[in-house]
Amino acid sequence: MMSDLHADTATNRRCVEEFSALASKDDVILLAGDISDDLGTVQWVFERLSDSYGAVVYVPGNHELWLRPSDRATGLADSWAKLQAIWALAADAGVRTRPFLLHDRVWIVPLLSWHHRSWDVEPDVVGRKHAWAFSDYTCCEWPEELMGDDANVPGNASLAQWMDAWNEGEAMDAMRSGRQPWHDVISLSHFLPFQELIPEKRFLFFPELPTVSGSVPLSRRVQDLQPDLHVFGHSHFAWDATIRGTRFVQAPLCTARERSRRLASIKVGLERTPDDAQPSEWLPVPLYQLPLTRSRDAWSMERRSKGWSLLRSGAVPPQYTAAWSEYYKRHARDPENVDLAPWVQQRRARRARAKSNQ
């Protein structure tokens with residue numbers, strides 16, 4: 001699995017090519033959103049990965065729904081129309097966007113979601129303002145009927161609720177009625193279900209990030225579903241933690257610039273990363289395995305010998321190292337502490353000096 005491919009640049013497209021070259025038709029790849037805001041790039045990624053993997057499972061991120069001039073030129077009136085166009089591209093490439101049962105053993109459940117301001121319930125840091133200038137508010141356009149009575153209030157929950165309701169339908173009903181005691185469940189979303197999956201505001205260069213990161217309807221749906229694993233993206237922080245009985249994993253690619261500046265908070269599973277490390281050394285992240293070709297007993301013994309944990313039908317690897325989830329293993333979350341981290345203070349001081357010198 002992986003998220004946040006941001007395949008708009010040649011560097012990240014080469015990464016997609018490398019991931020594809022390492023793939024097998026026995027593999028299923030989970031994509032937790034933010035491929036690109038360009039439909040041509042989205043189509044290329046869908047087709048490239050579909051040619052290499054046995055199945056591609058995808059949930060849209062926020063970037064895909066930014067409305068570009070080229071979208072308008074092709075007749076797409078708003079972000080809802082663009083979302084439908086993306087679903088059509090996925091269907092043409094054989095990419096899965098709805099719940100399905102794999103090998104009668106594991107349900108894979110993509111969950112459509114959107115962020116809203118009220119998901120963020122932790123205290124603000126000094127000087128924090130809501131991210132009204134965040135690109136989702138300027139680059140996305142939605143039909144008024146989707147926005148509810150608070151259409152003129154940026155960050156309202158109406159769109160998140162509408163997105164969540166779209167998860168209902170025949171596929172979700174089939175999962176609920178067909179779920180058996182031996183079935184494992186893996187769900188995925190782009191946005192975050194719980195605020196424990198993002199660093200506290202005092203640690204963030206952009207402390208407004210939590211206001212545009214998560215969804216209460218998504219949180220309720222994940223709690224109702226109770227998956228064994230949940231894959232997410234969006235925040236661009238690697239993560240692997242168990243909350244309320246579910247293991248949550250984020251493995252983002254991010255942009256090349258981000259990787260050059262803060263690789264330690266992006267990479268997954270590598271204790272030491274050389275300066276010339278390539279994303280294909282830690283992505284895609286193996287997350288689940290079924291015993292398809294060997295006896296269950298022999299396969300189980302081998303998995304255990306490698307530190308994997310057995311679920312009802314499959315197995316999951318040992319917990320990956322990821323900087324921020326490792327931090328929260330050792331430190332209790334303390335959102336009431338709003339004293340800015342030293343690195344945030346230093347950046348603010350540099351910016352203040354630069355501004356005064358202009």
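- In terms of modelled atom types and a separation under 3.5 Å, the side chain of Ser219 and the main chain of Phe194 share no donor-acceptor contact.
- Nearest approach of Asp240 to Ser325, heavy atoms of both residues: N-OG, 3.1 Å.
- Between Arg72 and Glu141 there is a salt bridge, since a side-chain N of the basic residue sits under 4.0 Å from a carboxylate O of the acidic one.
- Under 3.5 Å, the side chains of Ser213 and His115 contain no donor-acceptor pair of N or O atoms.
- In terms of heavy atoms, Ile108 sits closest to Leu102 at CD1-CD2, 4.1 Å.
- Under a hydrophobic clustering in which Ile, Leu, Val, Met, Phe, Trp and Tyr are joined whenever their side-chain heavy atoms come within less than 4.5 Å, directly or via other members, Leu204 and Leu197 fall into the same cluster.
- Thr41 places no side-chain N or O within 3.5 Å of a backbone atom of Ala7 that could act as its donor or acceptor partner.
- Judged by distance alone, the side chain of Asp27 and the main-chain N or O of Ser24 form a donor-acceptor pair under 3.5 Å.
- In this structure, a donor-acceptor pair under 3.5 Å is absent between the side chains of Glu326 and Tyr320.
- Note on Arg176 versus Asp173: salt bridge recorded, some NZ/NE/NH1/NH2 to OD/OE distance being below 4.0 Å.
- A donor-acceptor pair under 3.5 Å links the side-chain atoms of Asn167 to the main chain of Leu112, judged by distance alone.
- Counting only N and O atoms by type, the side chains of His234 and Asp4 include no donor and acceptor under 3.5 Å apart.
- Among Val57, Val249, Leu30, Val28, the one residue that satisfies the side-chain contact (heavy atoms from CB on, under 4.5 Å) test with Ile186 is Leu30.
- The pair Glu196-Arg244 counts as a salt bridge, with a side-chain nitrogen and a carboxylate oxygen less than 4.0 angstrom apart.
- Between the side chain of Asp71 and the backbone N or O of Leu76 there is no donor-acceptor pair closer than 3.5 Å.
- The cationic group of Arg333 lies under 6.0 Å from the six-membered ring centre of Tyr328 and within 45° of the ring axis, placing it in a cation-pi geometry.
- Side-chain atoms of His230 and Ser189 include a donor-acceptor pair closer than 3.5 Å.
- With a 6.0 Å radius and a threshold of 12 heavy atoms from other residues, nucleotides or ligands, Gln226 has its CD atom at or below the threshold.
- Under the 6.0 Å cut-off for aromatic ring centres, Trp66 and His63 qualify, their centroids lying closer than that.
- Linking ILVMFWY residues whenever their side-chain heavy atoms come closer than 4.5 Å, directly or via other members, places Val125 and Trp343 in the same cluster.
- The neighbour count for Arg296 CZ, taken as heavy atoms of other residues, nucleotides or ligands under 6.0 Å away, is above 12.
- Classified by interplanar angle (parallel below 30°, tilted 30° to 60°, perpendicular above 60°), the ring pair Trp324/Tyr327 is perpendicular.
- Closest of all the heavy-atom pairs between Ser235 and Gln250 is OG-NE2, 2.9 Å.
- A donor-acceptor contact shorter than 3.5 Å is absent between the side chain of Lys267 and the backbone of Arg259.
- Under the 6.0 Å distance and 45° angle rule, Arg348 does not count as a cation-pi partner of Phe205.
- Looking only at distances, a side-chain donor or acceptor of Trp182 sits under 3.5 Å from a matching main-chain atom of Asp104.
- Side-chain atoms of Asn337 and Glu200 form no donor-acceptor pair, as typed in the model, at a separation below 3.5 Å.
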Evaluate side chain to side chain contact (heavy atoms under 4.5 Å, CB included) for Leu290 paired with Val106, printing each intermediate quantity in order. CA-CA 9 Å; Leu290 282 170; Val106 54; 4.0 Å; yes

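- Side-chain contact between Leu287 and Leu229 is present, with at least one heavy-atom pair separated by less than 4.5 Å.
- Less than 6.0 angstrom separates the ring centroid of Trp80 from the ring centroid of Trp162.
- The backbone N or O of Gly314 sits less than 3.5 Å from a side-chain atom of Asp184, completing a donor-acceptor pair.
- Using a 4.5 Å cut-off on side-chain heavy atoms (C-beta onward), Leu22 and Ser280 make contact.
- In this structure the side chain of Cys140 reaches within 4.5 angstrom of the side chain of Trp114, judged on heavy atoms.
- Between Asp228 and Arg312 there is a salt bridge, since a side-chain N of the basic residue sits under 4.0 Å from a carboxylate O of the acidic one.
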Please step through side chain to side chain contact (heavy atoms under 4.5 Å, CB included) for the pair Cys15 and Leu253, ending with a clear verdict. CA-CA 9 Å; Cys15 290; Leu253 175 60; 4.1 Å; yes

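- Closest heavy-atom contact between Tyr53 and Pro284: OH-CG, 3.4 Å.
- Taking the six-membered ring where the residue is Trp, the centroids of Phe248 and Trp239 are separated by 6.0 Å or more.
- A side-chain donor-acceptor contact under 3.5 Å links Asn12 to the backbone of Cys254.
- A heavy-atom distance below 4.5 Å is found between the side chains of Asp38 and Arg68.
- Using modelled atom types and a 3.5 Å distance limit, the side chains of Trp299 and Gln289 yield a donor-acceptor pair.
- Checked against the 6.0 Å centroid criterion, the rings of His236 and His6 qualify as a close aromatic pair.
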Please lay out, stage by stage, how Asp120 and Lys201 fare under the test salt bridge (charged side-chain N to carboxylate O under 4.0 Å, His left out). CA-CA 10 Å; Asp120 170 26; Lys201 297 187 182 83; 2.8 Å; yes

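- Applying the salt bridge (charged side-chain N to carboxylate O under 4.0 Å, His left out) criterion to Glu258, with sequence neighbours excluded, gives Arg262.
- Around the CD atom of Glu168, the shell of radius 6.0 Å holds more than 12 heavy atoms that belong to other residues, nucleotides or ligands.
- Residues Asn156 and Ser158 bring a donor and an acceptor atom of their side chains to less than 3.5 Å of each other.
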Determine, stepwise, if the pair Trp308 / Glu302 fulfils side chain to side chain contact (heavy atoms under 4.5 Å, CB included). CA-CA 9 Å; Trp308 286 52; Glu302 182 183 43; over 6 Å; no

Asp37 and Asp8: CA distance, side-chain angles, deciding distance, side chain to side chain contact (heavy atoms under 4.5 Å, CB included) verdict: CA-CA 8 Å; Asp37 62 354; Asp8 308 280; 3.6 Å; yes

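- Ile266 and Leu192 sit in two unconnected hydrophobic clusters of ILVMFWY residues. Membership requires side-chain heavy atoms under 4.5 Å apart, directly or through other members.
- Checking side-chain atoms of Glu64 against main-chain N and O of Gly61 turns up a donor-acceptor pair under 3.5 Å.
- Taking the six-membered ring where tryptophan is involved, the planes of Tyr58 and Phe46 are perpendicular, since the angle between them exceeds 60° and thus also 30°.
- Ser52 and Arg48 are linked by a side-chain donor-acceptor pair at a separation below 3.5 angstrom, with hydrogens and angles left out of the test.
- Between Arg202 and Asp334 the shortest side-chain heavy-atom distance falls below 4.5 Å.
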